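Following: one structure in structure tokens, then a few remarks.
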Amino acid sequence: MEPIKVDFTGGNGAGKGRGSGKDAYLTPSKAGMKTVISVIGTLIGAVVAYYFMLPPLNFKSTELYFFLGVVAAIYVVLQALLSGAIVKPEYTKYVKKQAIVPGIIIGALVVVVGVGMLFSSVVFRASSYSKLIDVSEDKTFSKDITQADFKSVPVLDTAASAALATRTLGDLASINKESQFEVAPQFTQINYKNSPVRVGTLAYGDIFKWFKNTGEGMPGYIIVDMVTQKTEFVMLKQGEYIRYSTEEHFSKYLMRHVRFAYPTYIFDVPHFEIDEEGRPFWLCPVLDKTIGLFGGTDVKGIVIVDAISGECNEYSLDTIKNDKSFQWIDGIYSNDLLIEQYNYYGKYAGGFINSVIGQEGVRVATEGSNFLALNDDVYMYTGVTSVSNDQAIIGFVLVNMRTKEANFYEVSGAKEYSAMSSAEGQVQNYKWTATFPILLNISGQPTYFMSLKDDASLVKHYAMVNVQNYQVVATGKTIAECTENYANLLAQSNINIKVDIDKIKDDTDKNEQNADEKPSVSTVTVKGVVSDIRTAVMGGESYYFIKLEKGKTYYKVSASSNEAVVILNIGDSVSFTHIKGASGSVIEASLG
């Protein structure tokens, strides 16, 4: 069999081949073996790349094309390594020859993506993009948006919720886990038992703490009441743990778990919710490209993952919207997707050319957004501004995050960030910052309501800014005081509103009392005979660790709060009370 000649002379015989200027040769058997090894290596590389990249096996996903390009590149790199071309330049032409097919594949992928994006472009499909969301334009603010009820008006934003959530980590001391976890950055706003709350999970403190705790998982989740500011760590039932989350790795990593279950689905960013019984779930919206190959992103269904068991179930949009058993679900459509679709509606309803030239009726959402709880659903709120005058809003839009029902309300006035600046200006000596406002109906007056926070994201004051006249800015230490000041300022502008300050004060006082209340905790009592006693001084305080006969658990008791513990002896009969569900080799307890 003739050897494969690799001519590196460029046709003039001057090349530097292997062996004193001779051409380099690869026998067919060696070339074939390198190809076989490269193919096997490429398949292994493809499996590894898929495991970490997790692309949907769906031709409507650009991630798939990038993944295939990476696989083709792996083959070329392996050929270069096996032939020694990296250290022996004379084999470069051999590698180039082997790279022809992968190069054609990569080129074809680029062409497909390019053509797909071109024919999915808003330039050619503006009308289709503008119809992704249906917006009702004939709505009246004072009729649809009821008078503000301060018993349920949220006063916290995401940052403030996260700051309060960190306080709950002390609750993990009962199971000796307070140093193992931290608060995960993502919080979801939902309606839980008719109250707006934010819910979030834990995250492992570091990779070593992940190794130590991932076998069990996370013992619970966090609820922050956005009205009362009451924060609670909810411990799951004994033996139950959140084992699947965005903070896990390998097979328990949420996106890997759902990708292997649904390899062809395109998923939006998952979010965490709880049902009315408090059981934790991950909601993974399933996306579809409805315009061309890559355009018109919309939700076509949802996969619900039980965060404890990992069980996955897929449901259609109609099922979620119409089946009352799914009423607890508050978010199917993400905030970013709803704003994107509204901007398509506002910009391209009159066609692409009109969006660039003339711009008649062209409008877009303002820079920020917030959430409102209405009729047991969560609505995304954002102001709407004209592209020809982006210094003020011409109205605002509310979109139901479960059904995508969208309503536009025509109200001219200040943009949200202008209102925030006005509020911050009233307390500039404190250097407090305003939360992104929510829109309230105060006796028929569209009003921006926001909290004023210090550097630690703790709420210090409240502010109200009139949407139509953002020079009317009221602040107060309490909501009642702020509302009273707001009414007085409006009266000076010959606008008289009716507000019951005493009722507002009564409602908000109850919220503050609820925030101070400790959450109810279930406890259990154990009895036995002392078999071992050990002591330790921790943080300047004395603790006794006591083990009972026929048991392996040590009960940790503070001497400062349980003085009788210091006179216990081995053989004494004793009882301990501890939080129900606490487990481990050491449990924090008190004398029963």
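Just so it is clear, the model here is predicted, and its values are computed rather than measured.
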Review point. Does Thr158 have any side-chain hydrogen bond (donor to acceptor under 3.5 Å, both in side chains) partners at least two apart in sequence or in another chain, and if so, which?
Key: Arg198
Point to revise | Side chain to side chain, Glu424 and Thr433, heavy atoms closer than 4.5 Å | key: yes
Exercise for review: Evaluate the side-chain proximity of Ile329 to Asp275: yes if any heavy-atom separation is below 4.5 Å, no if none is.
Suggested key: no
**Study point:** Side-chain heavy atoms of Tyr192 within contact of Ile274, under 4.5 Å
**Key:** yes
**Study point:** Those residues that, when tested against Pro285, pass side-chain contact (heavy atoms from CB on, under 4.5 Å) (two or more places apart)
**Key:** Asp268, Val299
Check your understanding: Hey, are the side chains of Lys209 and Glu182 touching, using non-hydrogen atoms and a 4.5 Å cut-off?
Key -> no
Review point. Okay, side chain of Thr475, backbone of Ala463: is any donor-acceptor separation there less than 3.5 Å?
Key: no
**Study point:** Tyr543 six-ring centre to Lys556 NZ/CZ under 6.0 Å and within 45° of normal
**Key:** yes
Review point. So with a 6.0 Å cut-off around OH of Tyr430, is the heavy-atom count from everything else above 12?
Key: no
Exercise for review: State which residues pass ring-ring contact (aromatic ring centres under 6.0 Å, His included) with Tyr315; sequence neighbours excluded, sorted by chain then number.
Suggested key: Phe326
Check your understanding: Got a donor-acceptor contact below 3.5 angstrom from the Thr188 side chain to the Phe272 backbone?
Key -> yes
Review point. Considering residues at least two apart in sequence or located in another chain, which fulfil the side-chain contact (heavy atoms from CB on, under 4.5 Å) criterion with Leu374?
Key: Ile145, Leu372, Tyr379, Leu398
**Study point:** Min side-chain heavy-atom separation Tyr50-Pro55 under 4.5 Å
**Key:** yes
Point to revise | Lys/Arg cation over aromatic Phe150: Lys505, 6.0 Å, 45° cone | key: no
Point to revise | For Thr42, side-chain contact (heavy atoms from CB on, under 4.5 Å) partners two or more places apart | key: Val71, Ile74, Tyr75, Leu78
Review point. Considering only heavy atoms from C-beta outward, does the side chain of Ile190 approach that of Val197 to under 4.5 Å?
Key: yes
Practice item. Classify the angle between the aromatic ring planes of Tyr244 and His257 as parallel (below 30°), tilted (30 to 60°) or perpendicular (above 60°). Key: tilted
**Study point:** Pairs satisfying salt bridge (Lys or Arg N to Asp or Glu O under 4.0 Å), at least one member in residues 239-262, at least two apart
**Key:** Glu240-Arg279
Exercise for review: Please list, chain by chain and in numerical order, all residues satisfying side-chain hydrogen bond (donor to acceptor under 3.5 Å, both in side chains) with Asp377, sequence neighbours excluded.
Suggested key: Asn400, Arg402
Check your understanding: Ignoring hydrogens and geometry, is there a side-chain-to-backbone donor-acceptor pair from Asn313 to Ile304 under 3.5 Å?
Key -> no
Review point. So with a 6.0 Å cut-off around OH of Tyr51, is the heavy-atom count from everything else above 12?
Key: yes
Check your understanding: With sequence neighbours left out, what residues match Ser531 under side-chain contact (heavy atoms from CB on, under 4.5 Å)?
Key -> Lys547, Glu549
Point to revise | Heavy-atom check, side chain of Lys404 versus side chain of Asp298, under 4.5 Å | key: yes
Check your understanding: Which of these passes ring pair (Phe, Tyr, Trp, His ring centres under 6.0 Å) with Tyr381: Phe371, Phe449, Phe396?
Key -> Phe396
Review point. Taking only residues at least two apart or on different chains, which pairs with a member in residues 449-463 satisfy salt bridge (Lys or Arg N to Asp or Glu O under 4.0 Å)?
Key: Asp157-Lys453, Asp454-Lys460
Revision key, fill the gap. So salt bridge (Lys or Arg N to Asp or Glu O under 4.0 Å) across residues 310-338, not counting sequence neighbours, yields none
**Study point:** Contacts of Glu340 that satisfy salt bridge (Lys or Arg N to Asp or Glu O under 4.0 Å) - sequence neighbours left out
**Key:** none
Review point. Can you name the residues that form a side-chain hydrogen bond (donor to acceptor under 3.5 Å, both in side chains) with Arg534, not counting sequence neighbours?
Key: Asp532, Tyr554
